[in-house]
Amino acid sequence: MSILAEADLRLDAGPIDYALLLIYFVVVLGIGVMARRSVSSSLDFLLSGRSLPAWVTGLAFISANLGALELMGMTANGAQYGMATVHYYWIGAIPAMVFLGLVMMPFYYGSKVRSVPEFMRRRFGKPAHLVNAISFAVAQILIAGINLFALAVIIDALLGWPLPVSICVAALVVLAYTTLGGLSAAIYNEVLQFFVIVAALAPLTIVGLIKVGGWQGLVEKVTDQEQLSAWPATELTGINSPVWSVVGLVFGLGFVLSFGYWTTNFAEVQRAMSAKSMSAAKRTPIIGAYPKALIPAIIIIPGIIAAVIVPEMAQLKAGDTSSGVVYNNVLPLLMRDLLPNGILGIAITGLLASFMAGVAANVSSFNTVFTYDLWQDYVKKDRPDEYYLRVGRLATVGACVLAIGTAFIAAALGGSNIMDYIQALFSFFNAPLFATFILGMFWKRMTPTAGWVGLLAGTFTAIFIYAISEPSFGIEWLQLPGQGASFLGAGLAFVVDIVVSFAVSLVTRPKPDSELGGLVYSLTPKEDRAHSTTGEDAGWYRSPALLGGGVLALTTVLYFIFG
Amino acid sequence: MRLFDLRLIIAFLFGLYGVVLVVIGLGFTSDEDLKKAEGVNINLWAGIAMVVLSAAFAAWATLRPQFADTDKEPLKEL
């Protein structure tokens with residue numbers, strides 16, 4: 001990640017800022033220690049004993065996604081592309097989150113599976129399961145390493161610690177609280193982190209807005225007025241035709257990429273699976289969708305402000321790269337220019353907290369998949385539960401050590417490129433996975449063979465599109481700068497997966513109906529998909545459908561006002 | 001599985017942060033600090049907002065205790 005380049009980003013942190021940072025670390029570790037006392041089984045450790053209230057899992061749901069890539073990347077996009085960045089939040093997340101809650105959660109939570117790969121095993125059998133479990137585990141370790149590297153780079157830039165020291169210190173803190181308290185500690189810290197991030201970004205946005213003369217002042221000072229409107233986002237997609245750009249956004253980003261990411265990525269879905277009831281599980285992604293819809297205000301707007309008021313950023317925007325800053329520097333530069341000591345400490349804490357939570361989400365979902373889906377299913381079956389609790393703890397240690405390794409690989413490869421590749425790699429798996437899941441959930445005739453053949457066909461399609469459009473491979477049959485290529489790749493991967501799965505299903509043998517109860521729509525009685533509406537799930541304001549409709553309406557209104 | 005109440009942790013952290021920032025904002029803010037933030041005493045205002053957030057979480061946790069109306073299993077011996 002070229003966060004650093006040559007620019008001097010050192011912040012003028014004083015003793016009080018360090019003190020505020022230290023308090024946060026003490027609280028984070030304290031949560032780990034306290035959460036440990038309530039861990040008495042592997043399910044407690046790896047899935048919080050399915051006991052958490054919906055507001056906690058809901059905030060953790062978006063916090064798990066609010067890591068280094070998100071925070072640096074989306075403020076950078078705000079500075080570079082302007083308002084078009086809101087698509088990543090609105091069309092690119094909200095519908096998928098509502099869909100996960102209302103349509104898919106009944107199967108995930110109702111079937112009592114402990115992970116997304118486990119659902120795969122029950123629905124399609126072992127080949128599909130193994131492909132999914134291994135690719136997920138590997139991807140999480142790689143992404144944890146990149147998150148760790150990004151965290152270390154920012155510690156280095158802000159506080160001046162050498163890279164290897166920051167990598168190890170950050171990994172040790174995450175390791176300490178996740179090994180002690182398991183998923184509960186990770187989730188509690190994610191919720192805390194959410195509030196700290198808001199506490200860091202809101203003052204930054206407010207001071208920035210005052211500095212540019214309010215919203216009106218910002219609108220007048222933005223040099224490229226087209227960047228104030230979200231549509232048709234031709235710069236972002238790299239598709240010149242406005243009509244096709246919108247089509248690419250709606251189907252590529254809004255449908256395939258975002259549904260693929262939010263509904264099948266276990267690091268996210270795990271937060272909902274740890275909820276205490278079906279109703280709370282359904283509400284988890286929907287409650288998370290509300291802050292997700294509103295948070296662009298304190299992520300994208302600071303990016304747009306930075307392009308106006310930070311001199312180096314304005315230069316960069318005009319095409320002058322001599323200062324050495326890159327778009328990823330938006331947050332540190334704004335903090336440097338706008339925040340006095342005190343609130344500066346909170347802002348530094350917020351950045352570090354966000355990066356750490358990203359790593360913790362990777363590690364805590366990795367250890368569940370490793371323990372239940374790889375170790376218990378393929379290596380040591382039928383041991384007592386304490387055994388798997390121990391495996392879970394050791395997997396956490398192993399994940400952190402491996403992540404330190406992948407962090408150094410990311411550092412050696414220079415960051416920026418490898419991150420793009422991993423993002424692309426992840427998209428290879430997500431879009432086809434979503435196709436397989438959705439067909440498998442609604443069509444009982446889909447066969448186990450179709451499960452894994454469809455997945456592979458979809459993945460190869462995405463890789464093919466990537467290979468012929470990525471400039472550095474030199475083939476370049478397709479020329480789509482920006483995000484256009486990944487939208488197209490994901491879209492085709494989805495279609496190919498559906499077509500292949502359908503064709504293969506017609507000529508292979510399906511599973512008997514008796515094995516598909518709870519996993520397929522037509523074979524799951526309505527009562528099993530319904531949630532209770534009594535006790536702690538009572539009240540109209542706890543209705544998942546109503547909450548889901550509410551956030552869709554909110555997003556539509558936001559598009560009308562700011563789109 | 002029974003966990004401690006997260007709302008109290010949030011109230012504690014932001015109560016502490018809020019008080020520290022209010023003290024800095026009232027007692028230790030130089031003209032240079034004010035100039036940096038366009039004349040806004042951002043420490044003071046952010047501090048006040050955090051104290052309010054802290055109070056809201058403390059009030060919520062007090063008014064709606066975590067396990068009051070639950071029929072779940074009794075507290076495990078630790």
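Lettering follows sequence order; numbering is per chain, from 1.
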- Item | W45(B) side, atom CH2; I343(A) side, atom CD1 - distance, nearest 0.5 Å | 13.5 Å

- Message: For F57(B) and F195(A), I'd like to know if the aromatic rings sit close, meaning centre-to-centre distance below 6.0 Å.
- Response: yes

- Note on the structure: Whatever's closer than 4.5 Å to a heavy atom in chain B on S41(A) counts as neither

- Item | Side-chain heavy-atom pair T349(A), Y17(B) within 4.5 angstrom cut-off | yes

- Cut-off 4.5 Å, heavy atoms of chain A, and the answer for L21(B) is side chain

- Look up atom CG in L59(A) and atom CD1 in I10(B), then write down how far apart they are to the nearest 0.5 Å. 7.5 Å

- Portion of F28(B) that has a non-hydrogen atom of chain A nearer than 4.5 angstrom: neither

- Greatest number of non-hydrogen atom pairs under 4.5 angstrom with chain A, of L6(B), I24(B), I42(B), falls to L6(B)

- Message: Atom CH2 of residue position W55(A) - does it have more than 12 heavy atoms of other residues, nucleotides or ligands inside 6.0 Å?
- Response: yes

- Please check if atom CZ in R542(A) has more than 12 non-hydrogen atoms from other residues, nucleotides or ligands closer than 6.0 Å. yes

- Report, as yes or no, whether the 6.0 Å neighbourhood of atom CH2 on W540(A) holds more than 12 heavy atoms from other residues, nucleotides or ligands. no

- Flag the one option from L339(A), I206(A), V191(A) with the top tally of heavy-atom pairs under 4.5 Å to chain B. L339(A)

- Task: Identify which part of L344(A) has an atom lying under 4.5 Å from any heavy atom of chain B, answering side chain, backbone, both or neither.
- Result: neither

- At a heavy-atom separation under 4.5 Å, does I346(A) approach chain B through its side chain, its backbone, both, or neither? side chain

- Can you tell me if N43(B) uses its side chain to pair, donor with acceptor, with the backbone of G342(A) under 3.5 Å? no

- Message: If I measure from the heavy atoms of chain B, does L52(A) come under 4.5 Å with its side chain, its backbone, both, or neither?
- Response: side chain

- Message: For F4(B) and Y188(A), I'd like to know if the aromatic rings sit close, meaning centre-to-centre distance below 6.0 Å.
- Response: yes

